Amino acid sequence: MELNLVPISITRQKQDPAWNHCEVFKNGERLQIKCMYCGKLFKGGGIHRFKEHLAGRKGQGPICEQVPQGVRSVMQESLNGILVKQDKKQTLIPKLLACGSSSSNPNIGGEVENLGSHDDMNFGIKPISVLNTLEGDSNVVSKVGRGRKRGRGRDRNLIESKYPCVKTDLALVPNGGENPIHMAIGRFLYDIGVNLDAVNSVCFQPMIDAIASGGSGVVPPSCHDLRGWILKNVIEEVKDDIDRNKAMWGKTGCSIIVEQCRTKNRRVLLSFLVYCPQATVFMKSVDASHAVYSADYLFELLKQVIEEVGSEKVVQVITNCEEPYLFTGKRLMESFPSLYWAPCLAHCVDLMLQDFSNLEWINETIEQAKSLTRFIYNQSSVLNMMRKFTSGNDVVEPALTCFATNFSTLKRMADLKLNLQAMVNSQDWLECPYAKKPGGQAMSDIVNNRSFWNSCMLIACITYPLLRVLEIVGSKKRSAMGYVYAGIYRAKETIKKELVKQDDYMVYWNIIDNRWEQQRHLPLYAAGFFLNPKFFYNTEEHIHNDILSSVFDSIERLVPDTNIQDQVVREINLYKNATGDLGRPMAVRARDNLLPGEWWSIYGGGCPNLQRLAIRILSQTCSSIGYKPNKISIEEIHNTRNFLERQRLSDLVFVQYNLYLRQMVLQKQEKDSLDPLAFNSKDILEDWIADNEVSPDNLESSDWKSLDPPVGNRTTLTPPGDEAEDFLSTRFTDLDIFNGLKGVKEEI
């Protein structure tokens, strides 16, 4: 961004939908627009040119390649509305006259042009049917507008009686209108007390469509229906889905994941899941409160699950790293010589971040930042002002864990530095009563403090790679095994390049190495790195040889047949030399474009034994974090004494858990659409937005009803595209880093 660009807020008068997807800067006397998605800066042409950019329409500027498809569609509809506006003036009048000639309106012609700008206020819901058709009738439209006070039922009767051929569609009222369907849904959700993020379920829209297809008067299912035949049918659907996934376990291998949850009643529940690239499925849950610290009990439990899945299909068992699981894991590897036990890698990376945050200078910066966000998020007028100056962005950034949230929020604040400084130095802020209060003065001091921002930017630089590793480990789009080793390498490399001096960067390297210690026994990470063609062909030969022992360890454990082991070793040379199909130009290009398991499946036919091993290793996850649903009370099963009801609840949880796991893959909602103030954000963000003391002054002066609605399309502050590709794409040449990953101690 050019240094002379000053961010300014977007006023309420700018109602074109394209304003929701850009940032506005002042450069001298000129205004410039920056795209939220690709970062393109428009120095002229106005909002119409920018709208063409988002719509993908060739005009006077480039086309945005990063804009979400939903936003592109809205922009296209808005542009189409502008193009056909003149045609509307000619076609709407005859249409209305043909429908209701007996009720002709002398004001039709004069009102069409006045209402033609309605398209510019369309914020994402296509105003079809009555809202378009009645643009020419000012009396009817004005009565519909007053329907917010008088009730939409009479609006529908009024419209349909005046124009019998016009079918009303009040569900398509633009955002901000009182939609009776939405009101009914809201009352239902408030009444039953569920989390309001239930509307983000991938099953929600199909349910709405099914109800709409039934027409008015559709009969809802009874409670007995839901407990009976409907549940039975859904159970069969889920089982069929799981059976299809089981067919993949033999080809790709699978990972058994053990989730441990401690309830409010201090009950310890274990959930058993099976992961493969196609899907993660829930098998069962067990109340282990009486014996969770018994390695013998855990061993028998896991042995039973492994045998149920098929030991020849299991590549690894992932648990937490507590001592009972450590002993259990060793016994499992002795009893099942063709699989590994692995502690959760996401927890390992989170502990690295925790250790970083315990460093004094980092902790002080985090606490300063928290004091700023707590003030912003507890005053409605300050929060509204902040969102205006940041073009709808929030300054807090939820991540997978609380410690990751600390560092992702510092990065977001560093990225929004200029916006926040523009805010506290604006006339709006000077006129704000909160600016003169102690919290407001402290906020101004922090935002204008150069030392604070220098610390923020340095912390963001040295921790951002670990955040990316955590994203990769918790990814629902890819199996992480082929990326972890490279991710930890890149984190250490970034710290070394940023701090330069060995005395400076070794503080952070030691933190990473100490936490990595518990992972060193597992050769799968190094083998995944070796077998990922994206990294293998970007790594020095001497480093290949240095990690070959981990590959050999994996071969000896995962390939029981010694004859096949020998064939795999011989085929490694074909891979090294890119022989046959592995060296085709298509295969070379695909190293960067395909997931590594897919690459081996397509191009590895010339070395079939190594191909099968590579697919089995590269198809595994590394983490148990991210599969834990927060809305399914498994505890209810174990609290129920009636045997029949306990069976039914077990089946219900089986359905809920597996639908939840399926939704994790299918759901398109981005984390940027999360409202930080929502109840379901509490666990991750509470420390950043919760005021230490809620004073009576706050209760009187701040009102949630005065908050502007959060913007759904926030700026993506992380680089666009695949979460691993840009981060891990360069060469791997530093032997010191690899020595640390292997456990070879370097003298300082």
Side-chain angles (χ1 to χ4, degrees), residues 1-10 14 16-28 30-76 78-79 386-397 399 408-423 453 456-457 460-461 464-465 467-468 471 494 592 668 670-673 710-730:
M1 184 182 296
E2 298 178 25
L3 295 178
N4 59 341
L5 295 182
V6 179
I8 62 173
S9 60
I10 298 175
K14 297 189 180 299
D16 191 290
W19 290 112
N20 290 330
H21 308 279
C22 66
E23 294 177 276
V24 181
F25 298 89
K26 193 169 185 179
N27 186 1
R30 299 182 60 185
L31 295 182
Q32 297 184 6
I33 296 173
K34 181 181 178 182
C35 177
M36 284 185 173
Y37 305 105
C38 68
K40 168 68 178 175
L41 193 65
F42 290 81
K43 299 182 179 179
I47 196 64
H48 183 81
R49 182 184 177 203
F50 175 65
K51 191 186 296 184
E52 289 182 332
H53 168 73
L54 293 179
R57 184 166 295 177
K58 294 183 179 179
Q60 300 179 3
I63 293 173
C64 182
E65 301 294 342
Q66 306 294 338
V67 61
Q69 185 55 46
V71 175
R72 189 184 296 281
S73 299
V74 171
M75 296 303 110
Q76 290 171 347
S78 182
L79 286 172
M386 181 274 293
R387 284 175 171 165
K388 283 173 58 179
F389 275 87
T390 60
S391 303
N393 281 283
D394 281 294
V395 291
V396 292
E397 173 79 356
S408 62
T409 296
L410 286 183
K411 183 183 186 307
R412 177 169 283 271
M413 292 178 67
D415 288 334
L416 294 172
K417 169 189 170 183
L418 293 179
N419 305 74
L420 293 172
Q421 289 181 332
M423 170 185 163
W453 289 116
C456 268
M457 288 185 281
C461 182
Y464 179 63
L467 294 179
R468 300 306 294 274
E471 286 182 16
T494 301
D592 293 328
K668 300 301 183 183
E670 298 291 337
K671 66 181 179 182
D672 281 343
S673 64
V711 176
N713 320 318
R714 289 167 38 181
T715 306
T716 302
L717 298 178
T718 55
D722 192 282
E723 72 261 29
E725 298 305 321
D726 57 340
F727 170 51
L728 303 173
S729 58
T730 54

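Remember, predicted model here, so these are calculated numbers, not experimental data.
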* Let me see the working for F50 and D16 under side-chain contact (heavy atoms from CB on, under 4.5 Å), right down to the final yes or no. => CA-CA 11 Å; F50 175 65; D16 191 290; over 6 Å; no
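- Across every non-hydrogen atom of A55 and Q76, the tightest pair is O-NE2, 2.9 Å.
- Residue Y37 comes nearest to C64 through the heavy atom pair CB-SG, 4.0 Å, listed as atom of the first residue, atom of the second, then distance.
- Of the possible donor and acceptor atoms, one in the side chain of S408 sits under 3.5 Å from a partner among the backbone N and O of E397.
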* To do: Show the numbers, then the answer: is there a side-chain contact (heavy atoms from CB on, under 4.5 Å) between E23 and N419?
  => CA-CA 10 Å; E23 294 177 276; N419 305 74; 3.7 Å; yes
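- Under the 3.5 Å distance criterion, the side-chain polar atoms of R412 are left unmatched by any main-chain donor or acceptor of N393.
- Look at R49 and E52 and you find no salt bridge, because none of the NZ, NE, NH1 or NH2 atoms lies under 4.0 Å from a carboxylate O.
- Residues H21 and V67 are not in side-chain contact: their nearest non-hydrogen atoms beyond the backbone lie 4.5 Å or more apart.
- Rounding to the nearest 0.5 Å gives a distance of 6.5 Å between CD of E65 and CZ of R72.
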* Would H53 and C38 satisfy side-chain contact (heavy atoms from CB on, under 4.5 Å), going step by step from the backbone distance to the final call? -> CA-CA 10 Å; H53 168 73; C38 68; 3.4 Å; yes
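- Residues C35 and L54 are in side-chain contact: their nearest non-hydrogen atoms beyond the backbone lie under 4.5 Å apart.
- Judged purely by atom type and a 3.5 angstrom limit, D394 has no side-chain atom pairing as donor or acceptor with the backbone of V396.
- Remark: the backbone N or O of K43 is not paired with any side-chain donor or acceptor of Q32 at under 3.5 angstrom.
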* Asked: side-chain contact (heavy atoms from CB on, under 4.5 Å) between F389 and L416: does it pass, once the steps are laid out?
  -> CA-CA 9 Å; F389 275 87; L416 294 172; over 6 Å; no
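- Annotation for S391 and M36: closest pair O-CE, 3.0 Å, computed over non-hydrogen atoms.
- When all heavy atoms are compared, the tightest approach of L79 to R57 is CB-NH1, 3.4 Å.
- Distance check: T390 OG1 to M413 CE gives 11.5 Å after rounding to the nearest 0.5 Å.
- Scanning both residues, M386 and V395, for their nearest heavy atoms gives SD-CG1, 3.9 Å.
- Between atom OH of residue Y464 and atom OG1 of residue T494 there is a gap of 10.5 Å, rounded to the nearest 0.5 Å.
- A pairwise comparison of heavy atoms in M457 and A414 identifies CG-CB, 3.9 Å as the closest pair.
- Interatomic distance, D415 CG to C456 SG, rounded to the nearest 0.5 Å: 10.5 Å.
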